[in-house]
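Let me begin by presenting the structure, written as structure tokens, before commenting on it.
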Amino acid sequence: MQSTNKKVAIVTGANRGIGFETCRQLSRLGIVTILTSRDETQGRKAVSSLSKESPDLLYHQLDVADMDSIIRLKKFVIDKFNRCDILVNNAGVFLDRGVSIFNLEVEILQETIEINSFGALKMSQEFLPLMQTPGYGRIVNVSSAMGSISSMGGGSAAYKLSKLMLNGMTRIMAAENEQDDIKINTMAPGWVRTDMGGSNAPRSLSQGADTIIWLATLPADGPSGGFFEDRTPAAW
């Protein structure tokens with residue numbers, strides 16, 4: 001086991017986009033950051049590209065839809081550090097852009113919820129105990145304004161419902177951990193220039209990751225059980 005006084009963070013779906021930028025910024029803060037991705041080749045390439053500016057960056061393969069993959073990551077983290085201080089559930093897919101709910105294939109809905117919702121739940125279930133032992137942890141669930149029921153419209157039902165479920169799970173998990181310095185929040189990064197967001201999106205990766213970093217490094221008197229955008233409460 002490698003002893004470290006530094007905080008240890010895990011970021012899912014991080015070989016590109018907002019997850020990649022989150023790893024960059026966390027590592028720059030001196031946090032040992034484990035960049036994960038389904039595609040190992042792309043993930044290791046991402047770590048290599050940041051190695052000079054982000055020395056506290058490691059790689060481990062992870063498919064959040066595969067329980068065996070989650071368990072392998074957990075074993076790696078326990079064997080190497082025996083701690084997890086920060087978990088950023090960023091992995092997600094958007095498979096039904098603009099599709100009417102009346103034309104939505106149930107298989108697409110199932111796959112989207114499996115990754116976007118259940119993936120975050122399973123990761124939280126497995127890594128929360130590593131936070132409960134020392135009584136400190138930060139879980140950030142990367143959601144979307146499209147998961148806000150107050151502004152929900154038509155189209156893209158699978159993606160929207162998966163983020164709505166993620167928001168609900170965040171509230172429940174936070175309510176069950178009020179006794180510890182464990183902050184569990186969800187956030188919307190806005191429309192960001194990523195492969196998912198497209199090149200016409202108005203926000204940079206740094207802007208998209210800003211609220212994630214804020215929630216991942218909250219002080220002891222910080223909020224828990226909230227939904228945030230640009231560091232301010234968002235409508236559920």
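Residues: numbered from 1 along the sequence shown.
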Quiz item: What pairs meet the side-chain hydrogen bond (donor to acceptor under 3.5 Å, both in side chains) rule with one or both residues in residues 29-40, with sequence neighbours excluded?
Solution: Ser37-Tyr59, Glu40-Arg44

Quiz item: Under 3.5 Å, is there a donor-acceptor pair between the Ser156 and Asp96 side chains?
Solution: no

Quiz item: How would you list, by chain and number, every residue that makes a side-chain hydrogen bond (donor to acceptor under 3.5 Å, both in side chains) with Gln132, sequence neighbours excluded?
Solution: Asn177

Quiz item: So is Arg97 actually on top of Phe94's ring, under 6.0 Å and inside 45° of the axis?
Solution: yes

Exercise. Using distance alone, with no hydrogens and no angle criterion, decide if Glu114 and Gln110 have a side-chain donor and acceptor under 3.5 Å apart.
Key: no

Quiz item: Is it true that a side-chain atom of Lys183 and a backbone atom of Gly222 form a donor plus acceptor pair closer than 3.5 Å?
Solution: yes

Quiz item: Which word best sums up how the rings of Phe76 and Phe81 line up, parallel for under 30°, tilted for 30 to 60°, or perpendicular for over 60°?
Solution: perpendicular

Exercise. Taking the six-membered ring of Tyr136 (Phe, Tyr or Trp), confirm whether the NZ or CZ of Lys7 is under 6.0 Å from its centre and within 45° of its axis.
Key: yes

Self-check item: Inter- and intrachain pairs under side-chain hydrogen bond (donor to acceptor under 3.5 Å, both in side chains), touching residues 211-224, at least two apart
Solution: none

Quiz item: Is any side-chain heavy atom of Leu130 less than 4.5 Å from a side-chain heavy atom of Asp85?
Solution: no

Practice problem: Check the side chains of Ser143 and Asn167 for a donor-acceptor pair under 3.5 angstrom, ignoring hydrogens and angles. | Solution: yes

Quiz item: Regarding Thr170 and Asn141, is there a side-chain donor-to-acceptor distance under 3.5 Å anywhere?
Solution: yes

Quiz item: Got more than 12 heavy atoms from elsewhere within 6.0 Å of CD1, Ile101?
Solution: no

Quiz prompt | Pairs flagged by salt bridge (charged side-chain N to carboxylate O under 4.0 Å, His left out) wherever residues 136-157 is involved - sequence neighbours left out | solution = Arg138-Asp181

Exercise. Using the test side chain to side chain contact (heavy atoms under 4.5 Å, CB included), find all partners of Asp66 that sit at least two apart in sequence or belong to another chain.
Key: Asp63, Asp68, Ser69, Arg72

Practice problem: Name all residues meeting the side-chain hydrogen bond (donor to acceptor under 3.5 Å, both in side chains) criterion together with Thr112; count only those two or more places apart in sequence or in a different chain, and write none if there are none. | Solution: none

